There are 2 protein chains.
Amino acid sequence: MPDQSERRADLAAMLHPLFQALLAAERRILARHEISMWGYSVLSALDGQPARSQAALAQSIGADKTRIIGTLDELQDAGYIIREPDPADRRVHLLSVTDAGQRKCRAAQADIRAAEEALLAELTPAQRRTFLDVLTTFADLPLDDILRA
Amino acid sequence: MPDQSERRADLAAMLHPLFQALLAAERRILARHEISMWGYSVLSALDGQPARSQAALAQSIGADKTRIIGTLDELQDAGYIIREPDPADRRVHLLSVTDAGQRKCRAAQADIRAAEEALLAELTPAQRRTFLDVLTTFADLPLDDILRA
DNA sequence: GCCTATCATATGCGCCTGCTTATGAATTGT
DNA sequence: ACAATTCATAAGCAGGCGCATATGATAGGC
């Protein structure tokens, strides 16, 4: 299948500059919105989702559950999230996003989306669709297992 | 152009798991080959290229020129690279890869390539080609400028 | 000739992260 | 009832990284 004469860099090497550039852009945008990257990750993950425990949220966004506490405190202080005791288990705080939090998240997201669209506009429509499809495909795969085989 | 009803995650969020998985795989493979990631990056960058100064090399692979010294020392001690004074400028050491270094690099690269092919095999041939084309396209673009506009 | 800049090198500082340990409270399992 | 586990929380350790500073030697510019 793959052409043996195909010369290409390692995938990680190819992805690295793209990923770093996207992160840098995101940092700039989030700084303008005065919200941290972890804060934005939390709000994004909570947006439109049922309330969840802190541990579940941390796991879902790849955050360290012990270090995310500070971020959650800040978000709560800013009025962007609510922590409520779980009636089913008194150890647990359930997190949900407030209206203000949702507005903050979506405003930042709109700017990030605009920056991304500028980038995607460099592609043909077919390339764009395929690129996004591929990323979606990969998102549903057990990447570590496949790469370990 | 982009469908306003299109729901998708931020590009960085979509790329993050893929990128992390690729890095993790690379780490495992390089550990087996007993070479560090920066060591591999150096060898890859030098492979098949004319000799270059340490500063130029560090810049080209995104390494900190002060911290790459240790890696260069190790590679030199292992016989994988040569440092030679530049006759045109006595401040400069020119780096080149040895035959042993090239073999080491290409052996590791073959394993990385195999792992990547397992992943790319999850795509259709058209998806695979387009995905790689897109990454190549992005590699040639001033990403920061585009994302900043 | 003198000043400025650059190279390789060593090292410091601050930040972030992965991982760990510990605590008190609460829950689960036997 | 008791032991083990889990939740949120705080904090420690080690490693990596971005960035900065400093040094001696060398090169370039005026």
Side-chain angles (χ1 to χ4, degrees), chain A residues 12-13 16-17 19-28 30-31 35-42 45-46 51-77 81-96 144, chain B residues 12-13 16-17 19-21 23-28 30-31 35-42 45-46 50-77 81-96 144:
Chain A
H16 180 264
F19 187 62
Q20 295 307 130
L22 287 166
L23 285 188
E26 191 168 315
R27 259 185 233 110
R28 285 192 297 271
L30 294 180
I35 182 170
S36 69
M37 283 196 74
W38 280 121
Y40 174 69
S41 289
V42 168
L46 292 178
R52 303 140 81 182
S53 73
Q54 289 179 200
L57 174 85
Q59 164 130 56
S60 76
I61 65 173
D64 181 320
K65 70 187 174 187
T66 70
R67 295 207 187 279
I68 204 73
I69 306 292
T71 296
L72 296 179
D73 290 343
E74 284 162 19
L75 291 175
Q76 185 172 11
D77 291 345
I81 62 168
I82 293 176
R83 275 170 167 134
E84 286 166 313
D86 181 353
D89 184 343
R90 284 191 299 176
R91 296 171 298 185
V92 172
H93 297 172
L94 293 176
L95 299 176
S96 49
D144 286 328
Chain B
H16 180 262
F19 186 63
Q20 295 306 130
L23 285 187
E26 191 168 314
R27 259 186 232 108
R28 285 192 297 269
L30 294 180
I35 181 169
S36 69
M37 283 195 74
W38 279 120
Y40 174 68
S41 290
V42 168
L46 292 177
R52 302 140 79 184
S53 73
Q54 290 178 200
L57 175 85
Q59 163 130 55
S60 75
I61 65 173
D64 181 319
K65 70 188 176 188
T66 71
R67 296 206 187 281
I68 204 73
I69 306 291
T71 296
L72 296 179
D73 290 343
E74 283 162 20
L75 291 175
Q76 183 172 14
D77 291 345
I81 63 168
I82 292 176
R83 275 170 167 134
E84 286 168 313
D86 181 352
D89 183 342
R90 284 191 299 176
R91 294 171 301 184
V92 173
H93 297 172
L94 294 176
L95 300 175
S96 48
D144 286 328

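Residue numbering restarts at 1 for every chain, and letters A, B, ... go by the order of the sequence lines. Just so we're clear, the structure is a prediction, and the values are computed from it rather than from any experiment.
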Picking from [options], which would you name as closest to the side chain of [X]?
X: A/Asp89; options: C/dA26, D/dA11, D/dA8; result: C/dA26
X: A/His93; options: D/dT9, C/dA8, C/dA10; result: D/dT9
X: B/Arg90; options: C/dA8, D/dT26, D/dA8; result: D/dT26
X: B/Arg91; options: D/dA25, D/dT6, D/dT21; result: D/dA25
X: B/Thr66; options: C/dA8, D/dC7, C/dA10; result: C/dA10

Round to a whole Å and report the spacing from [atom1] of [X] to [atom2] of [N].
X: B/Leu23; N: D/dG16; atom1: CG; atom2: C1'; result: 13 Å
X: A/Leu94; N: D/dC7; atom1: CG; atom2: C1'; result: 12 Å
X: A/Leu72; N: D/dC7; atom1: CG; atom2: C1'; result: 13 Å
X: B/Gln54; N: D/dA25; atom1: CD; atom2: C1'; result: 15 Å
X: B/Arg27; N: D/dG15; atom1: CZ; atom2: P; result: 15 Å
X: A/Asp86; N: D/dT6; atom1: CG; atom2: C1'; result: 13 Å
X: B/Glu84; N: C/dC7; atom1: CD; atom2: P; result: 19 Å
X: B/Lys65; N: C/dT11; atom1: NZ; atom2: P; result: 17 Å

So how far is it from [X] [atom1] to [Y] [atom2], rounded to the nearest 0.5 Å?
X: B/Asp144; Y: A/Gln20; atom1: CG; atom2: CD; answer: 10.0 Å
X: B/Arg52; Y: B/Asp86; atom1: CZ; atom2: CG; answer: 14.0 Å
X: B/Leu94; Y: B/Leu57; atom1: CG; atom2: CG; answer: 11.5 Å
X: B/Ile82; Y: B/Gln76; atom1: CD1; atom2: CD; answer: 8.5 Å

Sub-4.5 Å side-chain heavy-atom contact between A/Met37 and A/Thr71: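 No. Closest side-chain heavy atoms not under 4.5 Å.
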message: With a 4.5 Å cut-off on side-chain heavy atoms, are B/Gln54 and B/Lys65 touching?
response: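 A side-chain contact under 4.5 Å is absent here.
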query: side-chain contact (heavy atoms from CB on, under 4.5 Å) with B/Trp38: which of B/Ile68, B/Leu75, B/Leu72, B/Asp64?
result: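 Answer to the side-chain contact (heavy atoms from CB on, under 4.5 Å) test with B/Trp38 among B/Ile68, B/Leu75, B/Leu72, B/Asp64: B/Ile68.
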Report, one pair per line, the protein and nucleotides 13-16 of chain C atoms (nitrogen or oxygen only) whose separation is under 3.5 Å.
from   : atom 1 : to      : atom 2 : distance (Å)
C/dC13 : N4     : B/Arg67 : NH2    : 3.3

query: Within the structure shown, what part of the strands sits under 4.0 Å from B/Asp64 by heavy-atom distance: base, sugar-phosphate, or nothing?
result: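 Contact class for B/Asp64: base.
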message: Please determine whether a side-chain nitrogen or oxygen atom of B/Arg83 lies at a distance below 4.0 Å from atom OP1 or OP2 of C/dC7.
response: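 No, no such contact exists.
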